[in-house]
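Below is one structure, written out as structure tokens, with a few remarks after it.
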Protein chains: 2
Amino acid sequence: MTNASIDDVAAAAGVHRSTVSRAFSNPSAVRTQTREHVLRVAAELGYATNPLAQALRRRSSTLVPLVIPDITNPFFAELARATAAAAEQRGYQLVLCVTENDGSSTAGYVTAMQAMYSPFGIVAPSTRVDLEALRTYGSGNRVVVLDRVEDDPSVPTVTVDSRRGVELAFEHLALLGHRAIAYAPGIVGTYTAQDRHEAYEEIAAGHGVAPLVLGAPDGVELGRGIVDHWLAEPVRATAIIASNDVIAFAVIAELEARGHRVPDEVSVVGFDGLDLGAHVAPRLTSVRQPIGDLGRIAVDLGESLLDGGPVRHEVLPPSLLIRSSTSGPRS
Amino acid sequence: MTNASIDDVAAAAGVHRSTVSRAFSNPSAVRTQTREHVLRVAAELGYATNPLAQALRRRSSTLVPLVIPDITNPFFAELARATAAAAEQRGYQLVLCVTENDGSSTAGYVTAMQAMYSPFGIVAPSTRVDLEALRTYGSGNRVVVLDRVEDDPSVPTVTVDSRRGVELAFEHLALLGHRAIAYAPGIVGTYTAQDRHEAYEEIAAGHGVAPLVLGAPDGVELGRGIVDHWLAEPVRATAIIASNDVIAFAVIAELEARGHRVPDEVSVVGFDGLDLGAHVAPRLTSVRQPIGDLGRIAVDLGESLLDGGPVRHEVLPPSLLIRSSTSGPRS
DNA sequence: CTGAAAGCGCTTACAG
DNA sequence: CTGAAAGCGCTTACAG
């Protein structure tokens, strides 16, 4: 129960509170001997500076909000972990804000950010609605976005090259001998989702294969909808590229449940490269996003925003994780 | 960019700041007409009360920390989501603190909690080390624990009845005709982990089956270690109860990778009842923990700590989610 | 019902 | 190098 305040320490050490303050926040401004004495007394009293009071007075804190749509999606969970680690290392504390796919609350978080005197915030938008909110409420604020933001080049962004990712998946499948390669989109609305989808269409066309997009009707569980669609097509795809790992899991579960073996009958490749994908059956071949880098660079961009450096738009290269959910087509 | 402070609003409204303060924090203490006027002016200025300053002055905030060991485990992710929702509904903001399985940092969070003037905190311990830290640093603090705490009845707890959960799994398997039912422990160290393990041993004995615990050696990936162990046993179990869903996934992945079909050759039941379990192949039979209730009750317990009510120890009943990873043994 | 004053725990020019 | 003073944005007894 440490209740000691700066004045308690000052009294106990026989100095003025400003000296105590300096001993902690600006050590070089106080004589070594004094500083050590103050620090010792502070330790005895179990004193720790109060970040709230500090933030209030300085009008700036080290609390950086990370806004994500759904902590339950392992991709965002891994992203949160990586970003928290990167932030911590730089002396920031990440505070996780989960919007539950409700774009509107992003605005609330941007407001909260001001109240916390955050130096900057990081948002991984669930939909473009979020981005709208950001522009409206966030102008003048320091925000970095984990996605592309086409209309406003003034906000720094980190993204993974979606096109390249889809290409990696497609070429892997083509090399295996697949010709009928379909795409399973998931939740739409972000630039990222759109990029992957468009990339698929272009790349398929480039390879001379007719694009087949396995959309699921609204309201039906994604895995089931996608597999229904797959079955209904006159020419059945021998491989499916899922727009993310969670969808790939759902598709595989549904496929297997209906007696279609993966990869024997259909190959499936995911997108994200989650650790979890190595621990499901079959182990998921997937386009790996460098999640650690994503988090680290997001923090970097935030810091360079503080320094008034140039606004950067980083695009990271994905790689392919070949595991067991893909094989050559059954001839 | 809302920078208006309480004094700005007071000036613009032609009243004293204390009146503005009351209009927001204690509306009934101010004349209706005055209040409405103040609120209108405040809205025009984009004023919002600053929670930092408020917390500092009141010496109490609505920030409640949830300490969890690993956000990357979907169980904790779902728990975080449920708890955040419950907290929000009660007017608290959950701040997620992830210890990364590093028990020592729990102490740091308890300190942080004081700095935030948190009314109470919720901790889901990764190991008993956490609980130690809690007792040492947290005495006098208001903490509720999402696990059992044997040695200190003064801290309120919510738990799921592990014994009953294992029993549900065991009986389901026994009913299916299994006699050789093994148990796959995962990370150990919490009371929960120990409870499940002990329950298994007792229940197996009670059913007249020799307990078989499939431990994995240190340093080897859990799924692989468990399956190695399973294969090495002279009498091979026809069913495995995993200590949690993530371990069940890993075991199934490893089993299938080595050509052992689930549930044809071995049945596997998980523990947690994650949504994700419904979207993997085969869909996972699992003991369902009422995660929503867990979160809601944790917040309840926190609040009743504030009211000085009696310390409660809630134990919630699990249920069984029968899906496709279990079937009768191959005869 | 409203105002004036003190103070939460800290930082930071300004003197000395 | 250290102290005294003002102030971050708010709340809450205390008067009136």
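Residue numbers begin at 1 in each chain, while the letters A, B, ... track the order of the sequences.
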* To do: Look at the side chain of Ser25(B) and the backbone N and O of Arg22(B), then say whether any donor-acceptor pair between them is shorter than 3.5 Å.
  => no
* Asked: Can you tell me how far P of dG9(C) sits from CG of Asn50(B), to the nearest Å?
  -> 17 Å
* Asked: Could you give the CG-to-C1' distance, from Leu52(A) to dC8(D), as a whole number of Å?
  -> 12 Å
* Just by distance, with hydrogens left out, do Thr62(B) and Gln93(B) show a side-chain donor and acceptor under 3.5 Å apart? -> yes
* Just call it for Val15(A): base, sugar-phosphate, or nothing, with non-hydrogen atoms closer than 4.0 Å on any strand. => sugar-phosphate
* Structure fact -> Considering only heavy side-chain atoms of Ser18(A), the closest of dT11(D), dT2(C), dG3(D) is dG3(D)
* To do: Answer with base, sugar-phosphate or nothing: what part of the nucleic acid does Ala55(B) contact at a heavy-atom distance below 4.0 Å?
  => nothing
* Shortest non-hydrogen separation from Ser61(B) to Met116(B) and the atoms involved -> OG-O, 2.7 Å
* Asked: Rounded to the Å, how far apart are Met116(A) CE and dG9(D) P?
  -> 17 Å
* To do: Figure out the CD1/C1' separation between Ile6(B) and dC8(D), and round it to whole Å.
  => 13 Å
* Leu274(B) and Glu78(B): side-chain contact (heavy atoms from CB on, under 4.5 Å), yes or no, with the steps? -> CA-CA 8 Å; Leu274(B) 300 181; Glu78(B) 288 191 17; 4.0 Å; yes
* Between dT12(D), dT12(C), dC1(D), which one does the side chain of Arg22(A) approach most closely? -> dT12(C)
* **Rounded distance in Å - CG (Leu45(A)) to P (dG9(C))** => 14 Å
* Derivation and outcome, side-chain contact (heavy atoms from CB on, under 4.5 Å), residues Arg312(A) and Leu301(A) -> CA-CA 7 Å; Arg312(A) 286 183 292 153; Leu301(A) 294 182; 3.5 Å; yes
* To do: To the nearest Å, give me how far apart CD (Glu36(A)) and C1' (dC1(D)) are.
  => 15 Å
* To do: Can you run through DNA chain C from 5' to 3' and write each base as (, ), [, ], | or . depending on how it pairs? Watson-Crick or G-U wobble, both distances under 3.5 Å.
  => |||.||||||||.|||
* Assess whether side-chain contact (heavy atoms from CB on, under 4.5 Å) is satisfied between Ile122(A) and Val299(A), documenting all intermediate values. => CA-CA 8 Å; Ile122(A) 303 174; Val299(A) 176; 4.2 Å; yes
* To do: Verify, without hydrogens or angle tests, whether Asn73(A) (side chain) and Phe75(A) (backbone) share a donor-acceptor contact under 3.5 angstrom.
  => yes
* To do: Apply side-chain contact (heavy atoms from CB on, under 4.5 Å) to the pair Asp293(B) and Arg296(B), showing each step before the final yes or no.
  => CA-CA 5 Å; Asp293(B) 295 339; Arg296(B) 206 161 29 67; 2.6 Å; yes
* Structure fact -> Numerically ordered, the residues 57-64 of chain A set in heavy-atom contact under 4.0 Å with DNA chain C is Arg57(A), Arg58(A)
* To do: When you get a sec, tell me which of dT2(C), dT2(D), dT11(D) is the closest nucleotide to the side chain of Val30(B)?
  => dT2(C)
* With a non-hydrogen cut-off below 4.0 angstrom, is Thr19(A) in contact with a base, only sugar-phosphate, or nothing? -> sugar-phosphate
* Asked: Between the side chain of Thr192(A) and the main-chain N/O of Asp147(A), is any donor-acceptor distance below 3.5 Å?
  -> no
* Would you mind classifying the nucleic acid contact of Ser5(B) as base, sugar-phosphate or nothing, using non-hydrogen atoms under 4.0 angstrom? => sugar-phosphate
* Of all heavy-atom pairs between Asn50(B) and Leu52(B), which one has the smallest distance, and what is that distance? -> OD1-N, 2.8 Å
* Rounding to a whole Å, what distance do you find between His16(B):NE2 and dA13(D):P? -> 16 Å
* **Arg31(A) CZ to dG3(D) P, straight-line distance once rounded to whole Å** => 10 Å
